[in-house]
Each structure stands twice: as structure tokens, then as C-alpha cells.
Amino acid sequence: MKKVLISALVLLLTGWSIASAEDGSQLWLRLSKVDNIATVTGVKGTAMTELQTYWTGGPVVLKRQKGLPMDGYTIKSQGGKTVVSAANDAGLLYGAFHLLRLQETGQTNSSTLDIKEVPAYGLRILNHWDNPNGTVERGFAGKSIFLNPDPQRMKMYARANASIGINGTVLNNVNAKPEALSTASLEKAKDIADQLRPYGIRVYLSINFASPIKVGGLKTADPLDADVKKWWKDKVNEIYKLIPDFGGFLVKANSEGEPGPQDFGRTHADGANMLADVLKPHKGIVMWRAFVYAPQSPDRANQAYLEFMPLDGQFRDNVIIQIKNGPVDFQPREPYSPLFTAMQKTQMMVEFQITQEYLGAANHLVYLAPMWKEFFSFVKPNSLKAMAGVANIGDDTNWCGHHFAQANWYAFGRLAWNPELTSEQIAGEWLAQTFGHNGQWTMDNGQGTAAANSQLSIINSQLLQLMLESREACVNYMMPLGIHHIFAGGHHYGPEPWYSPKGVRVDWTPPYYHKADHVGMGFDRTTKGSGNVKQYPEALCQQYNDINTCPENLLTWFHHVPWDHQMKSGRTFWNELCHKYDDGLRQARHFLAVWDAQQPNIDQQRFQEVQHKLRIQARDAEWWRDACLLYFQTFSKRPIPQDMDHPVHNLDEMMKFHIDITMYENPECGYTK
């Protein structure tokens, strides 16, 4: 694969008058239509239509070529023409969008294109947590786009996914309602599948494991029961008559109250294999989620490993175990789930969360590629079968609630295609296509563009750096040094490290995780504690088990750290904690200042909308710092260091702040009082 290395993304804004206001509805596909039909020849289809509509370059030939991997393609300059070759229509479409990406990022000047691309994963899939009533669980961008599917909206959705290589979508919430398998729901799914199919996207459904009871009227959903097997076989046949290329099922079972095979004395393998058997004649798959944890578990982080490791090697070949990237639940920072290196005989796929459930919802600018790249630094990409992402898409005009949240949808697709891409490369591509205008923003192809525009590259480097630093900044002002899951009760937006009401499951409360006391804070997962470190390979186990070698960014994840423990900076743990929170706040304020300086370069609507969000983010960062430090200070009994800004609130004030849940689902401000 020929890689185009990005040394800089340059803003060529000189002499450019700002265009009319933009609303973000075109995502990164802000292409201008052209009258260039005669220059594209060869295989007819969606790829040809895209190029005929938007390609501004020379002649292009689309051709099928045997021997290329499915979905892969080549792009070569031959005899004054650009030839895009692929084994299937999807590959031609991905090649066409690659050409358009080069065009929009200013990299099509070369007459010697020689590119070969093959996706890392055959399945690159979005998980929508959309409900039948149109609400979206953990959605911050309006209602479901599938509630009343608009053909133009569906086409744009399909084009956006195809442009970054996404080839599958789960239409409904993993907390599935039984009516997802009703005839009316399946007919609606058929209509959506028909609209997505021209762009190489297959549809999947989340299912409720108790559907034979709740939909079929049976007395049991036991996966080994003959009547249950027959019910599922008939239902699957019904689905494939409507949707011949239906992809299969996503299943959340025996987790957070959802029904599953354990309700009938069976294992996860029993349940998954029963479904796999009825899907296999249709070439369908089962994606069986490993997100499980029991009430009152001594360590929630241990649960998935304990349930799934004994089943390693027992799953059918069309079952893929879908595992969240971390062992708890999409926290701003977690170690990777140890299942990824422990299970050796089972197909696995990683589940990332694109929607920012624990990262400031659609209010905070947090670019997630660095988080996902951190995961891949521990888990070899080739050890996985597929990649899934919990979508951040709704019916808001700008799709994702925050203009920069679009970058996470984009980054997920690009990494699912090629996990070797860098965070910088992906951010550079996205910035050029999203905020560029008719080629005014280009990416340096190593031929001197950046050098010729060095003064403008300084402007660009600030925006690019903002994106690259945003995840670490969020960790700093929310939960640095391995702290996790200290969010407000009932939702996951603001801080409530004190939240611990009677009657609430202990593992749904922050004290279960931070365990702050007069000695220190943190969850002891060493061999002397919950033993979670033993689930990791020996080298990591030893590293994590020793407080002096454990990475400091995971310190309280694995250790109950004394307040006076000396850190690498020379500070005590308490002082380091204080400085991390303050650093995060300073970073958030800096992001706002960087954006404010871009006002002359950004269209007015998007500038103002992003500015509004960044102001919320800076205010929220202050809220997080003050609430957490003042609360943890009640245990540490130590002063706030004098060489940093001090909290501007008091703890009583912080404990009175609360979030309106209805506002949280589509938040417009950081907190209410």
C-alpha cells in the first residue's frame, strides 16, 4: 500500500472571501457538482455517478480486475488517464471516493498515481443505539435518522459512510425491543437496506434474546429447545426474503438486565451458536457482545474475562465476540480489555464508542483517534476480525451535534479501513475536507506546498494541534491518573464523585471506583487486590502490579495510591492530581482562544456554533476541576498547591449543581443549578 505521508496541512486563505454561512449538513463531502460526465468511462454504477458528479480532473476509467481482494482497489496513472480497478462494485466505489479525497485535499497534481488499498477488516460497522420511538440512547444529536427515513438524508448518510469505507450498520439499540423483529419493523428495515445497498452498506439488527417469548408466544427462549430453534429459523428466513443481503444479528445478553441464555442455564456459547446455525445458510453472522457484569461484583473489570475465557474455542465460525476497548465502559482512559490478548481460539472484534457518552457529550471537542490508536498500541490489529463503532449520528442538521464530532465518525471509518493511519493524518484529511473551500485548504504532498505557505501553516498547526491534544485535555480535567467512572448519577455528563445514594447498585456509584480515603485513592487491582492484573500478559502484569512501574496515566486504575506517593515529576500524588486537573482547565481555555483567532478564516455560522460549544467546554472543565479537587481534598486533608489556579467555587456549591436529564440528551449548556 502506497502511503501518502502528511507533513503538514496548509490553509491557503490569502485572497479568499468567506463563503456564505454553512450548517455542517454536508459533513466532509462539501464537493461542488461539475459538468464532466464524458471524462469517466468503464463500469457503470454508483462509483461512476460519484465521479461524474464531482470529479474535476482528467479522464478516469473504472474497470473490474480479478485477483484483487474484495473491497480493495488500485488507482494508477496510465496513458494520460487515471484507472481505478477493483474486484467488485464496492471496491470501485471506495476507489472513487479515494480519488475525490485526493482532489479535496490538493493531492491530485501527480501524473504518476500508483495506489493499492486493501481494507484491514472485512466488516467495518456502525452500531446505532436507536429506539423505536426515535430516541437515541447516549445520543446527543437529535432523534434517530431511521425513525422516518428521508431519502435524501439516507443518501447522504450512505455516501458519507462509503467515503470512509464503512460497509455495515446496525439499525437499532443493543438494548433491543422485541418489536424489532415484528413484520412492520422488518419491512421498514427493508426500505432502509434498499436505500443503503447502492453504497455497499449491509444492514444488521440488534435482537432481544427473549423474542421467542415476547414475539413468538413461546413459553421459553432456551437456545437448546427445539421449538425455539424452529422459531428463530423461521424468523431468519422471513428476514432474508425481505433483505437478501441482511448481515446478521448483534446481541446483548445477560447484561444490565437484558435476557440471555444464562436465564435458562445455558452459556453464551449456547446462545450464540444457536443463532449462528440458523444464520449460516444465508451467510449471516452473530456479533455477541462481551459487555457483562454482575451486581455486587468485587471488581466489575474482571467480569467479562471470567465469563468468556472458559468458552474460548466453543463458538461457531460465524460468531464474533464484540468486546469494548476497555474492561469497564468507554471511560476517557482505560487499559485495553484483557480478553483481546487472552482469547486465542475465538474471533473477536473491538467496539469503540464514537458518541461521546463519557467525554462531554456533544458539548466538548474531543478528537478520539488518539484514544483508539492507544488501544492499537497494545492490541495487534490483525488479531481482530472486525471493528464496530457506536454511532454519534442523529437528525440534527450537522449530524453529530458538534461540528468537530464529525471528525470522530470520519476517524472511525478511516481506522477501520487502515488502523496504521496516524491520528495526525486523519485529522489533516478531515480538516482539509471539512473547512476547506474549493481547494483553498490543501495538504502538503511533500512537493513544497507547506514551504511556500509557511506563515499559513502556523495557523493550521494550531487547529491540528488542538484536535490532537483534545483527548488528553479531557482526561486531565475529568479523570487524570487512572481515575474512572466518577460521573453524576443517572447520566454520564458532569462530576459527582460523592454520588452514593441508598438503594443504588454499588457498581453504579463513583466511590466503588475511586475508593478515596485518608490514606489515598484508587482501585487496588494488583495481585493483593482484585487480581485484575493477572488477566494481562505476564510482562504487563508485572508492570501494572508494581506502583513504581505502573504507567502514571493508569495509576489509580490499578493501585490505591497514597496521597504522598512521589510521582515522576517530583510532586506528591496529591499535588500531581491537582496540577493535572488545572492543566486540563488551562488546555480547554486555550482551545477556545485558538478557535477565536480563526474567526476571519471560518464561515460565520460554524465559527459561532463551535465557539459556543468551546465556551461550554471551558466552563465544564472548571466545574470538573473544582468539584473533584474540593471533594478529594476532604480525604487528602492537604492544601491546593500555590503554583496553580485555585478552585473558584466551594464544595457545597458544587454539590448543588445538577443536570436536567432531558437537557442532557441534547445539551445546550454545561450544567444547571
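All of these numbers come straight from a predicted model, not from anything done at the bench. Only heavy atoms go into these numbers, but all of them, side chains included; no hydrogens, no water, no symmetry mates.
Put simply, the side chain of Leu431 reaches to within 4.5 Å of the side chain of Met467, judged on heavy atoms. Residues Trp55 and Val60 have side chains in contact (heavy-atom distance under 4.5 Å, counting atoms from C-beta outward). The side-chain heavy atoms of Leu651 and Gln633, taken from C-beta on, include no pair separated by under 4.5 Å. Under the 4.5 Å side-chain criterion, counting only non-hydrogen atoms from C-beta, Val170 is not in contact with Leu126. Taking 4.5 Å as the limit, every side-chain heavy atom of Pro151 sits out of range of all side-chain heavy atoms of Pro149. Counting heavy atoms from C-beta outward, His649 and Glu622 have side chains that approach closer than 4.5 Å. Looking only at side-chain heavy atoms (C-beta outward), Asn363 and His402 stay at 4.5 Å or farther from each other. Side-chain contact check for Arg625 versus Asp582: some heavy-atom pair is nearer than 4.5 Å.
Between Pro497 and Phe632 the shortest heavy-atom distance is CB-CZ, 4.1 Å. Leu585 and Ala621 get closest at one heavy-atom pair: CD1-CB, 3.8 Å. The two residues Trp624 and Gly494 make their nearest non-hydrogen contact at CZ2-C, 3.6 Å. In this structure, Ala162 and Leu93 approach most closely via the heavy-atom pair CB-CD2, 3.7 Å. Considering all non-hydrogen atoms of both residues, Pro119 and Arg124 come closest at CB-NH1, 3.5 Å. When every heavy atom of Pro647 is checked against every heavy atom of Asp626, the shortest pair comes out as CA-OD1, 3.2 Å.
Side-chain rings of Tyr157 and His128 approach one another, their centers coming within less than 6.0 Å. Ring centroid separation for the pair Trp409 and Trp28 comes in under the 6.0 Å cut-off. Between His485 and Tyr358, a ring centre-to-centre spacing shorter than 6.0 Å is recorded. Here the two rings, on Phe487 and Tyr493, have centers that are 6.0 Å apart or farther. Ring-centre distance between His492 and Phe330: not below the 6.0 Å cut-off. Phe352 and Phe375 have their aromatic ring centers within a separation under 6.0 angstrom. No close placement of the Tyr410 and Phe404 rings is indicated, their centers lying 6.0 Å or farther apart. Here Trp372 and Tyr367 keep their ring centres 6.0 angstrom or further from each other.
With sequence neighbours excluded, no residue satisfies side chain to side chain donor-acceptor pair (under 3.5 Å) with Thr556. For His364, the side chain to side chain donor-acceptor pair (under 3.5 Å) criterion is met by Tyr477, Asp620, not counting sequence neighbours. Remark: Asp583 pairs with no residue by the side chain to side chain donor-acceptor pair (under 3.5 Å) rule, at least two apart or across chains. Among residues two or more places apart in sequence or in another chain, the salt bridge (charged side-chain N to carboxylate O under 4.0 Å, His left out) test is passed with Asp329 by Arg300, Lys324.
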Verdict with supporting geometry, Leu614 and Trp595, side chain to side chain contact (heavy atoms under 4.5 Å, CB included) | CA-CA 8 Å; Leu614 287 170; Trp595 183 255; 3.4 Å; yes
Any chance you could lay out the side chain to side chain contact (heavy atoms under 4.5 Å, CB included) test for Leu171 and Ile192, step after step, and finish with the verdict?
-> CA-CA 9 Å; Leu171 300 179; Ile192 296 171; 4.0 Å; yes
Side chain to side chain contact (heavy atoms under 4.5 Å, CB included) evaluation trace for Phe412 with Ile166 = CA-CA 9 Å; Phe412 170 79; Ile166 291 172; 4.0 Å; yes
Does the pair Trp129 and Gln353 meet the rule for a side chain to side chain contact (heavy atoms under 4.5 Å, CB included), with working shown?
-> CA-CA 11 Å; Trp129 286 0; Gln353 191 174 49; 3.8 Å; yes
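A salt bridge does not link Glu104 with Arg30: every distance from a Lys NZ or Arg NE/NH1/NH2 to an Asp or Glu carboxylate oxygen is 4.0 Å or more. Electrostatic pairing of Asp603 and Arg606 counts as a salt bridge here, judged by a charged N lying under 4.0 Å from a carboxylate O. The pair Lys656-Asp652 does not meet the salt-bridge criterion, since no charged nitrogen lies less than 4.0 angstrom from a carboxylate oxygen.
Put simply, the side chain of Thr46 gets close to the backbone of Pro198: a donor and an acceptor are under 3.5 Å apart. Asp130 places no side-chain N or O within donor-acceptor distance of the main-chain N or O of Asn172, the cut-off being under 3.5 Å. The main-chain N or O of Arg101 is found under 3.5 Å from a side-chain atom of Thr105 such that the two form a donor-acceptor pair. Counting only distance, with no hydrogens or angles, the side chain of Glu334 and the backbone of Val328 share a donor-acceptor pair below 3.5 Å. Checking side-chain atoms of Glu351 against main-chain N and O of Val390 turns up no donor-acceptor pair under 3.5 Å. At distances below 3.5 Å, not a single donor-acceptor pair connects side-chain atoms of Trp399 with backbone N or O atoms of Leu27. When atom types are taken as modelled, the side chain of Gln433 and the backbone of Glu429 share a donor-acceptor pair closer than 3.5 angstrom. Between the side chain of His579 and the backbone N or O of Met644, no donor-acceptor pair lies under 3.5 Å. Not one N or O on the side chain of Asp395 forms a donor-acceptor pair closer than 3.5 Å with the backbone of Phe146. Looking at Lys373, its side chain does come within 3.5 Å of a backbone N or O of Pro419 through a donor-acceptor pair.
Tyr54 and Gln103 share no side-chain donor-acceptor pair at under 3.5 Å. Side-chain contact annotation: Thr355 with Asn392, donor-acceptor N/O pair under 3.5 Å absent. A donor and an acceptor atom, one from each side chain of Gln406 and Asn398, are nowhere located under 3.5 Å apart. Side chains of Trp417 and Glu117: a donor on one and an acceptor on the other come within 3.5 Å.
Listed by first then second residue, pairs satisfying salt bridge (Lys or Arg N to Asp or Glu O under 4.0 Å) with a partner in residues 143-159 read Glu50-Arg159, not counting sequence neighbours. Pairs passing the salt bridge (Lys or Arg N to Asp or Glu O under 4.0 Å) check and including a residue from residues 468-477, sequence neighbours excluded, read Arg333-Glu472, Glu374-Arg471.
To the nearest 0.5 Å, atom SG of residue Cys578 and atom CG of residue Asp645 are 12.0 Å apart. Here the NE2-CZ distance, from His403 to Phe607, works out to 12.0 Å after rounding to the nearest 0.5 Å. Ser423 contributes atom OG, which lies 10.0 Å from atom CG of Leu464 (distance to the nearest 0.5 angstrom). The structure places CD of Gln642 at 9.5 Å from CD1 of Ile640, a figure rounded to the nearest 0.5 Å. Put simply, SG on Cys400 and CD on Gln356 are 9.5 Å apart, with the number rounded to the nearest 0.5 Å. Rounding to the nearest 0.5 angstrom, the gap separating the CG atom in Leu368 from the CD1 atom in Ile354 is 8.5 Å.
The side chain to side chain donor-acceptor pair (under 3.5 Å) with Glu609 is formed by just one residue from the set Gln605, Lys613, Gln611; it is Gln605.
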